[in-house]
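If you're wondering where the values come from, they're calculated on a predicted model, not measured in any experiment.
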Amino acid sequence: MRRYGKHTDEDDIRSRPNRKGNRPRTHTRPKHEDAVEGMVLTVDRGRLTCLVDDRIVMAMKARELGRKAAVVGDRVAIVGDLTGQKDTLARIVRIAERTSVLRRTADDDDPYERVVVANADQLAIVTALADPEPRPRLIDRCLVAAFDAGLDPLLVMTKSDLASPDKLLELYGHLDIPHVVTSREELENGTAVARVREQLDGKITAFVGHSGVGKTTLVNALVPLEQRRSTGHVNAVTGRGRHTTTSALALPLAGDAGWVVDTPGVRSFGLHHVDPSRVINAFPDLEPGTEGCPRACSHDEPDCALDAWVAEGHADPARLYSLRRLLSTRERKEGD
């Protein structure tokens with residue numbers, strides 16, 4: 001029953017006291033105009049290590065970001081205690097728009113995407129020529145993910161003292177991918193590091209590869225001594241490496257001329273998230289030939305216009321073969 005009529009007086013309205021004594025909740029969020037820009041270096045169990053100016057600051061994600069998560073490489077706005085002192089914790093209140101996002105899934109039928117790194121310019125795919133044996137299918141999958149994310153790929157072949165790189169170079173030569181071949185001796189005397197470094201200066205480069213290929217060893221040779229990570233070995237029975245890198249970590253190159261992101265070793269690289277139509281963008285010599293393709297063409301079917309485009313001499317047939325090999329990686333397992 002209504003207790004008051006049309007002409008009510010404010011004194012007649014009952015108001016419940018705020019027993020907790022705090023301010024009532026509001027949907028108006030602070031603008032955090034005093035937030036400082038930082039870069040996420042690594043993420044560990046909800047705590048994010050960020051670089052703010054020249055200080056390392058520990059931070060956590062603010063509640064207002066909801067389910068949006070910050071990842072390694074993100075440019076973020078941070079408030080709170082930014083001194084970087086022990087036992088201090090700041091808050092990430094904004095995540096800047098990303099220029100690129102490298103993703104992977106656990107398998108091709110897994111819809112859950114895992115962001116490997118944000119804002120990278122380049123993807124260095126590290127593979128050993130022996131001990132363990134190279135896995136071309138995994139390389140193909142990493143290439144597809146790089147092309148889909150808009151990253152420039154770089155192929156780094158290690159342990160050339162144990163096997164020749166000729167077979168892999170022949171397989172990927174028509175893709176016009178920059179490559180560096182290294183040996184253990186060259187890593188020790190620094191000549192290999194200098195050649196790799198030429199490809200990294202001024203860029204943010206994510207390093208990927210399966211365990212045991214020497215990825216972290218190479219990264220350690222590129223970064224200052226105090227930034228180096230532990231390394232493992234290859235099991236003589238299984239031929240597999242031991243995971244020594246458990247989380248992605250962004251590290252500055254010596255001389256602050258760029259960044260490398262060391263990622264955990266992978267044994268699979270799912271491509272559930274990849275739109276095959278975007279892979280053609282990495283083949284500028286073939287892309288104009290798709291104008292005559294039927295709608296939703298897979299570029300590997302009888303009516304594909306690329307066959308006529310290549311037959312007319314507009315592109316090398318080997319390039320079309322390479323494109324179709326990459327597009328078919330979702331139907332093949334890495335070990336095939």
Interatomic distance, CZ@Phe269 vs CZ@Arg135, rounded to 0.5 Å, equals 12.0 Å
task: Fit a plane to each ring of Phe283 and Phe147, take the angle between them on a 0 to 90° scale, and name the class: parallel (under 30°), tilted (30 to 60°) or perpendicular (over 60°).
output: perpendicular
### Message
For the CD atom on Glu185, are there more than 12 heavy atoms of other groups (residues, nucleotides or ligands in this structure) within a distance under 6.0 Å?
### Response
no
ILVMFWY cluster, Ile177 and Leu327 together (side-chain gap under 4.5 Å) = yes
Of all heavy-atom pairs linking Leu48 and Gly46, the shortest is CD1-O, 3.7 Å
Same cluster (ILVMFWY, side-chain, under 4.5 Å), Val261 and Val101 = no
Separation between CG (Leu129) and OG1 (Thr182), nearest 0.5 Å, reads 8.0 Å
**Message:** Under a 3.5 Å distance rule, please check whether Tyr321 uses its side chain to pair with a backbone N or O of Asp316 as donor and acceptor.
**Reply:** no
### Message
Quick check against the 3.5 Å criterion: does Trp309 have a side-chain atom that pairs as donor or acceptor with the backbone of Asp285?
### Response
yes
Do Val71 and Val117 touch side chain to side chain, with heavy atoms closer than 4.5 Å?
-> no
| query | Should we count CD of Glu170 as having more than 12 external heavy atoms under 6.0 Å? | reply | no
Between Cys50 and Val76, the two heavy atoms sitting closest are SG-CG2, 4.5 Å
Closest heavy-atom pair, Asp81 versus Ala90, reported as atoms and distance to 0.1 Å, is O-CB, 3.5 Å
Walk me through whether Val126 and Thr158 qualify under side chain to side chain contact (heavy atoms under 4.5 Å, CB included).
CA-CA 7 Å; Val126 185; Thr158 63; 3.9 Å; yes
Going by heavy atoms in the side chains, are Gln122 and Pro178 under 4.5 Å from each other? no
query = So with a 6.0 Å cut-off around CD of Glu301, is the heavy-atom count from everything else above 12?
reply = yes
### Query
Between Asp262 and Lys215, is any pair of side-chain heavy atoms under 4.5 Å apart?
yes
Note: Ser322 and His174 closest approach over all heavy atoms is OG-CB, 3.9 Å
Evaluate Arg137 against Asp140 for salt bridge (Lys or Arg N to Asp or Glu O under 4.0 Å), listing each step before the verdict. CA-CA 5 Å; Arg137 300 292 77 79; Asp140 287 352; 3.1 Å; yes
_Do Thr290 and Ile280 make a side-chain contact, defined as non-hydrogen atoms from C-beta onward lying under 4.5 Å apart?_
yes
One should read off an interatomic distance between His273 NE2 and Glu113 CD, to the nearest 0.5 angstrom, of 6.0 Å
Decide side chain to side chain contact (heavy atoms under 4.5 Å, CB included) for Leu162 and Arg184; before the verdict, give the C-alpha distance in whole Å, the side-chain angles of both, and the deciding distance to 0.1 Å.
-> CA-CA 9 Å; Leu162 301 180; Arg184 300 185 194 188; 3.0 Å; yes
### Message
Would you say that Val310 contacts Leu286 through its side chain, given a criterion of any heavy-atom pair below 4.5 Å between the two side chains?
### Response
yes
**Prompt:** Are Leu65 and Met60 connected, step by step, through hydrophobic side chains (Ile, Leu, Val, Met, Phe, Trp, Tyr) whose heavy atoms are closer than 4.5 Å?
**Reply:** no
*Do the charged groups of Asp74 and Lys68 touch, with an N to O distance under 4.0 Å?*
no
(message) Less than 4.5 Å apart, side chain to side chain, heavy atoms only: is that true for Leu154 and Leu200?
(response) yes
If you group Ile, Leu, Val, Met, Phe, Trp and Tyr by side-chain heavy-atom gaps below 4.5 Å, do Val72 and Ile56 land in one group? yes
Looking only at heavy atoms, the pair that brings Cys304 and His299 closest together is SG-CA, 3.5 Å
Do the side chains of Leu169 and Met157 get nearer than 4.5 Å, heavy atoms only? yes
Is there a side-chain contact between Thr83 and Arg55 in this structure, where contact means two heavy atoms from C-beta onward sitting under 4.5 Å apart? no
Residues Ala254 and Arg197: closest non-hydrogen pair is O-NH2, 2.6 Å
Problem set entry | Verdict with reasoning, Leu171 to Arg325, per side chain to side chain contact (heavy atoms under 4.5 Å, CB included) | CA-CA 11 Å; Leu171 185 61; Arg325 190 184 79 237; 3.8 Å; yes
- Verify same cluster id: Leu249, Val219 (apolar side-chain graph, 4.5 Å): yes
OG1 of Thr217 to CD of Glu188, rounded to nearest 0.5 Å, is 10.5 Å
Please check: side-chain N/O of Thr42 versus main-chain N/O of Ala248, any donor-acceptor pairing under 3.5 Å? yes
Here the gap from Leu323 atom CG to Asp300 atom CG, rounded to the nearest 0.5 Å, amounts to 8.5 Å
d(Leu123 CG, Ser100 OG) to nearest 0.5 Å is 10.0 Å
Check your understanding: Distance-only, no hydrogens or angles: does the Arg114 side chain make a donor-acceptor pair with backbone N or O of Tyr112 under 3.5 Å?
Key -> yes
Sidechain-backbone polar pair: Arg75 side chain, Glu37 backbone, donor-acceptor under 3.5 Å: no
Any chance you could lay out the side chain to side chain contact (heavy atoms under 4.5 Å, CB included) test for Lys61 and Val43, step after step, and finish with the verdict? CA-CA 11 Å; Lys61 184 185 71 171; Val43 182; over 6 Å; no
